[in-house]
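On a predicted model such as this, the values are computed, not experimentally measured, just so you know. Start at 1 and go down the list; that is how both ligands and their atoms are numbered. Atom set for the values below is all heavy atoms of this structure, side chains included, hydrogens, waters and symmetry mates excluded.
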Amino acid sequence: MGEEYGIFVGGKWRKSEGKRFETTNPATGEVLATFPAATKDDVNAAVKVAKEAFESWRKTPAPRRGELLLEAARIFRRKKEELARVVTTEMGKILAEGRGDVQEVIDFFEYAAGEGRRMFGETVPSELPNKMCLTVRLPVGPVGLITPWNFPMAIPAWKSGAALIAGCTFVLKPSSLTPLCAARFVEVLDEAGFPPGVVNMVTGSGSVVGDGIVDHPDIRAVSFTGGVDTGRHVYESAAKKMIKVGLELGGKNAILAMDDADVDLLIDGVMFGAFGTAGQRCTATSRLIVHEKIYDQVVDELVERAEDLKVGDPLDERTDMGPVASLDQERKVLEYVAIGRGEGDKLLTGGKKLRGGKHDKGFFLEPTVFAVERKKRLAQEEIFGPVLSVLTAKDYADAIAIANSVKYGLSSSIYTNDLRWAFRAMQDLEAGITYVNAPTIGAEVQLPFGGTKETGPTDTREAGTTALEEFTYWKTVYVDYSGRLQKAQIDTAKLVGG
Ligand code: NDP
C-alpha cells in the first residue's frame, strides 16, 4: 500500500479532506504511496501561510537564503543514490538517468546559492547633481510552481531554487504521476532548514489544485512546465491577474544531419536523444532530418542500433530504456503509431508494446523509428515517447525549412564538420537551444533554458542568470542628497557640476 502522505503546508505534513490517490511504479504496477487529491481549501491554506512567510523571507539576506540552498544541495548529494531510486521507481527512467535527475537538483541549488551573492542591479548616472540612481531586484511575492512528471525532482528544483534565492515563498503542485518524488524533494528542503511556510506542497488534480493556485489572488507568479494546451490555459488565467508566468511546453526537436556529418557520432547522439528517458523529455530528439546523400546509411545503422536496445527493468544497470511513465502515455504513443501507419508512414522498426514475463506488468514499448514525410502528423506533433521520425532533405536550406515547419521551438541540433553550416544553423533554427555535433538533450543549469513559438513566451528563461526573471521585478531607486528640490528634465539644462 505504501506510505500515506498528506500535504506539506507551513512546515508540517497535514491531513486533507480530499480523496486519496495512489502513485505506482510504471515498471511493475506496484503501489508506492498514497496522496490526497487536495481541495480548494487546502490550496487557500497553503497560499495563506506562503503569504505570511513571505514577509520575513523576502527580508532574509540573499546570501543567507543561498546558504540554505547549499545545505539542501549537500543533503541531496548525501542521499543521491536513495533519491535516484525513488525517481526511477516512480517515473520509470533508467537508474543512470534517475541519478542525473538528482544531480541536476544539486547542480542547480549550488548555482542558485551563488546567485544569492550576486543578484546584481545597476547604478546609473543621474542627470542631476548629488543624486544617485540604481536598480534592485525584488521578489514578486508567493509563487505557484506547477511541474510535470518527466523530471520529477529536477524541474521542481529549477523552479524552487530560483524562487527561493529570489526571496519568494512557493506552493508546489507536482504531477499526480510523481507526487512521491516531490514529497521526498520537499522533505530535503525541510531538513535543510527553510523556515515554515517558505516551502509548501499541495498534491491533487490540475483542475482543482493547479487552477486554484494560478487563480489565487495572492499568487504573484506562476512557473509551469507541461503540455501546450494546459500551458495556454495557465497563461490565459495568469494574464487576467496581470502576473508573471513562465511556460515551458515541450518540443518537436530536430537533429539535422548534413552530408559531411560523422555518422558514428551522429548515431550515438540520435540514440541518446530519441530514446533517453524513453523519449519523454521536452528536448527529446523526435525528428532526424538527414541529407539525402547519407540517408540510406544512417537509416540502416539507426534501425540496427534501435533493435539492440535493452528495454526492461529501469533499476537494472544493464537496461537501456525503461517503461513509459503511465498507461496514458503508453496509449498515446501507440495511438501515434496507428496514426503513422494510417497516414502511410513507413515503420522501420518497433511500434509495439512489449509482452511476456516482466514486460506484462509495466508500460514497455519498443524503440520505434518511422520514415516520415514532412507534413505528416508524426513529423509535426509532439509524441513524448520512444518514437523517432526520420525525414530526408535535399540540402541545408531544405533541412532548415523542415526543421522550422513545426509549431514548437525548444531544442535543435546540427551534425556537420563544416563551420559554415554550424554557424548558419545557430541563426536559422527557430529554437531556444541549438547544439552542434551533440543531440538535442543535455541542458546545463548555468545556461538559460526555454524556447520560442508554442514552446512558450520568450520573455522568461529557466536556469542560468535568467532564472531570476520569473520571480523578481526591477525596482528603480532615486536617491537625492542635494538637500533641495531638483527637477529632472527641467533643471538639467542650467546645471553644470554640483
Ligand atoms: P499536463 O500539461 O496536463 O500536466 C503538467 C502539469 O500541469 C501537471 O502537474 C498537471 O497536473 C498540471 N495541470 C493539469 N491541468 C491543469 C490546470 N488546469 N491548471 C493548472 N495545472 C494543471 O501534461 P501531462 O502530464 O498530461 O502530459 C501531456 C503531454 O504534455 C505530454 O504527453 C507531453 O506532450 C507534454 N508534456 C510536456 C512536458 C515538458 O517537459 N514540457 C512535461 C510533461 C508533459 P495533473 O496531471 O496532476 O492533473
Original post:
For Thr440 and Thr285, what are the C-alpha separation, side-chain angles and deciding distance, and is it a side-chain hydrogen bond (donor to acceptor under 3.5 Å, both in side chains)?
Top reply: CA-CA 6 Å; Thr440 56; Thr285 303; 2.7 Å; yes
Subject >> Derivation and outcome, side-chain hydrogen bond (donor to acceptor under 3.5 Å, both in side chains), residues Lys80 and Gln103 >> reply: CA-CA 7 Å; Lys80 180 172 169 181; Gln103 186 60 44; 2.8 Å; yes
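Ring pair Trp158/Phe449 is perpendicular by interplanar angle, where above 60° counts as perpendicular and below 30° as parallel. By the 30° and 60° cut-offs, the orientation of the rings of Phe185 relative to Phe76 is tilted.
Comment: Arg461 does not engage Glu469 in a salt bridge, judged by the lack of any side-chain N to carboxylate O separation of less than 4.0 angstrom. Comment: Glu82 does not engage Arg85 in a salt bridge, judged by the lack of any side-chain N to carboxylate O separation of less than 4.0 angstrom. Ion pairing between Glu191 and Lys79 holds under the 4.0 Å rule for side-chain N and carboxylate O.
When non-hydrogen atoms are compared, ligand 1 lies under 4.0 Å from the side chain of Lys332 (C-beta onward) but not from its backbone. Only the side chain of Thr230 comes within 4.0 Å of ligand 1, counting heavy atoms alone; its backbone N, CA, C and O stay farther away.
Heavy-atom contacts of Asp211 reach the following atoms of ligand 1: 17 (C), 18 (N), 19 (N), 20 (C) (cutoff under 4.0 Å). Contact atoms of ligand 1 toward Leu249: 41 (N) (distance under 4.0 Å to a heavy atom of the residue). Interface atoms of ligand 1 facing Thr147, defined by a heavy-atom separation under 4.0 Å, are 6 (C), 8 (C), 9 (O). With ligand atoms numbered from 1 in the order given, ligand 1 contributes 48 (O) to contacts under 4.0 Å with heavy atoms of Ser205. Of all the atoms in ligand 1, the ones that sit under 4.0 Å from a non-hydrogen atom of His233 are 17 (C), 18 (N), 19 (N). If you number the atoms of ligand 1 from 1 as listed, the ones under 4.0 Å from a heavy atom of Cys282 come out as 39 (C), 40 (O), 41 (N). The distance from ligand 1 to the heavy atoms of Thr225 drops below 4.0 Å at these ligand atoms: 5 (C), 39 (C), 40 (O), 41 (N).
Relative to atom 23 (O) of ligand 1, the option among Gly251, Pro179, Gly227, Gly204 with the closest non-hydrogen atom is Gly227. Here atom 37 (C) of ligand 1 lies nearest to Gly226 when heavy atoms of Gly226, Pro174, Ser207, Gly250 are compared.
Not a single heavy atom of Arg281 sits under 4.0 Å from any atom of ligand 1. Contact between Phe224 and ligand 1 is present, with at least one heavy atom of the residue lying under 4.0 Å from the ligand. Under the 4.0 angstrom criterion for non-hydrogen atoms, Ile146 is in contact with ligand 1.
The cationic atom of Arg281 (NZ for Lys, CZ for Arg) lies less than 6.0 Å from the six-membered ring centre of Phe272 and within 45° of the ring axis. Lys93 forms a cation-pi arrangement with Phe151, by the criterion of a distance under 6.0 Å to the ring centre and an angle within 45° of the ring axis.
Using modelled atom types and a 3.5 Å distance limit, the side chains of Thr39 and Glu17 yield no donor-acceptor pair.
Of all the heavy atoms in Val406 and Ala379, the pair that sits closest is CG1-O, 3.5 Å.
Protein heavy atoms are absent from the 4.0 Å sphere centred on atom 26 (O) of ligand 1.
No donor-acceptor distance shorter than 3.5 angstrom exists from the side chain of Asn200 to the backbone of Ala45, with no hydrogens or angles considered. For Glu90 (side chain) and Leu180 (main-chain N/O), a donor-acceptor pair under 3.5 Å exists by modelled atom type.
Nearest protein neighbour of atom 44 (C) of ligand 1, counting heavy atoms only, is Phe384 CE2, 3.8 Å. With respect to atom 45 (P) of ligand 1, the closest heavy atom belonging to the protein is Lys173 NZ, 3.6 Å. Among protein heavy atoms, atom 34 (O) of ligand 1 sits closest to Glu382 OE1, 2.8 Å. Looking only at heavy atoms of the protein, atom 24 (P) of ligand 1 is closest to Trp149 NE1, 3.9 Å. Protein heavy atom closest to atom 43 (C) of ligand 1, with residue, atom name and distance, is Pro148 CB, 3.4 Å. The protein non-hydrogen atom at the shortest distance from atom 13 (N) of ligand 1 is Gly206 CA, 3.4 Å.
Taking distance alone, with nitrogen or oxygen atoms compared against 3.5 Å, Ser176 approaches ligand 1 more closely than that limit.
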